[in-house]
Amino acid sequence: QVQLVESGGGSVQAGGTLRLSCAVSGLTSSLYCMAWFRQAPGKEREQIATINNFGLTKYLESVKGRFTVSKDNAKNALYLQMDDLKPEDTAMYYCATKLRSPGQLCFGVGPAYEYNSYGQGAQVTVAS
């Protein structure tokens with residue numbers, strides 16, 4: 001069973017930086033997607049960044065150039081470096097993973113892009 005545990009959330013001023021970490025265990029295949037989602041109060045959860053087993057990344061337009069997703073296979077860890085944070089980035093952030101088929105994309109909206117394992121979440125609050 002896949003388990004994910006986030007850490008590194010907190011409160012910062014606008015323009016500040018935070019780095020989220022996600023410890024991953026129980027992944028049983030070499031073909032997988034990993035992702036970061038976030039959900040602000042009163043809003044739907046949105047996918048903000050993905051990375052596949054080859055290291056291919058993709059980002060939500062609003063975080064492109066500010067956020068960087070990466071992974072460390074030796075440490076079984078996923079990271080999200082967040083720079084130039086804005087008040088609208090305030091949300092609960094979740095790491096997620098799923099196994100994928102060859103050629104299957106990791107980033108997108110809809111049933112084909114749903115993830116089946118999520119962490120407990122880490123709160124990020126950005127003050128103006």
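Excluded from the calculations below are hydrogen atoms, water molecules and symmetry mates; all remaining heavy atoms, backbone and side chain alike, are included.
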Apply the test side chain to side chain contact (heavy atoms under 4.5 Å, CB included) to residues Lys98 and Tyr118: give CA-CA distance (whole Å), side-chain angles for both, the deciding distance (0.1 Å), then the verdict.
CA-CA 9 Å; Lys98 66 174 182 178; Tyr118 287 85; over 6 Å; no
What's the separation between atom [atom1] in [X] and atom [atom2] in [Y], rounded to the nearest 0.5 Å?
{"X": "Asn52", "Y": "Leu105", "atom1": "CG", "atom2": "CG", "result": "9.0 Å"}
{"X": "Leu78", "Y": "Ser70", "atom1": "CG", "atom2": "OG", "result": "7.0 Å"}
{"X": "Glu46", "Y": "Ile48", "atom1": "CD", "atom2": "CD1", "result": "7.0 Å"}
{"X": "Met92", "Y": "Thr125", "atom1": "CE", "atom2": "OG1", "result": "8.5 Å"}
{"X": "Phe67", "Y": "Leu20", "atom1": "CZ", "atom2": "CG", "result": "8.5 Å"}
{"X": "Cys22", "Y": "Trp36", "atom1": "SG", "atom2": "CH2", "result": "5.0 Å"}

With a sphere of 6.0 Å drawn around CD of Gln120, does it hold more than 12 non-hydrogen atoms of other residues, nucleotides or ligands?
yes
Can you confirm whether Lys64 is buried at NZ, in the sense that more than 12 heavy atoms of other residues, nucleotides or ligands lie under 6.0 Å from that atom?
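Correct, the count exceeds 12.
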Tell me whether the NZ or CZ atom of Arg19 lies within the 45° cone about the ring axis of Tyr79 and under 6.0 Å from its centre.
yes
Can you name the closest pair of heavy atoms from [X] and [Y] and give their distance?
{"X": "Gly8", "Y": "Leu18", "answer": "O-CD2, 3.9 Å"}
{"X": "Ser128", "Y": "Ala14", "answer": "CA-CB, 4.3 Å"}
{"X": "Ala35", "Y": "Thr50", "answer": "CB-CG2, 3.7 Å"}
{"X": "Gln39", "Y": "Ala91", "answer": "O-CB, 3.5 Å"}
{"X": "Val126", "Y": "Asp89", "answer": "CG2-CB, 4.3 Å"}
{"X": "Gln47", "Y": "Cys106", "answer": "NE2-O, 3.3 Å"}

Kindly indicate, with the supporting measurements, whether the criterion side chain to side chain contact (heavy atoms under 4.5 Å, CB included) is fulfilled by Val63 and Arg38.
CA-CA 12 Å; Val63 307; Arg38 69 184 180 188; 4.0 Å; yes
When you compare the side chains of Asn116 and Glu114, does any donor N or O come within less than 3.5 Å of an acceptor on the partner?
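No pair is found: no donor N or O on one side chain lies under 3.5 Å from an acceptor on the other.
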Verify, without hydrogens or angle tests, whether [X] (side chain) and [Y] (backbone) share a donor-acceptor contact under 3.5 angstrom.
{"X": "Gln81", "Y": "Val69", "value": "no"}
{"X": "Thr97", "Y": "Cys33", "value": "yes"}
{"X": "Asn53", "Y": "Tyr32", "value": "yes"}

Is there a path of hydrophobic side-chain contacts, each under 4.5 Å between heavy atoms, that joins Val124 and Leu60?
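Cluster IDs for Val124 and Leu60 match.
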Transitively linked via ILVMFWY side-chain contacts under 4.5 Å: Tyr94 with Tyr59?
no
Tell me, do [X] and [Y] make a side-chain contact under 4.5 Å, heavy atoms counted?
{"X": "Leu80", "Y": "Tyr93", "value": "yes"}
{"X": "Thr17", "Y": "Met82", "value": "no"}
{"X": "Leu31", "Y": "Pro102", "value": "yes"}
{"X": "Leu56", "Y": "Lys58", "value": "no"}
{"X": "Leu27", "Y": "Met34", "value": "yes"}

Parallel, tilted or perpendicular for Tyr115 and Phe37, by the 30°/60° rule?
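Perpendicular, since the angle between the ring planes exceeds 60°.
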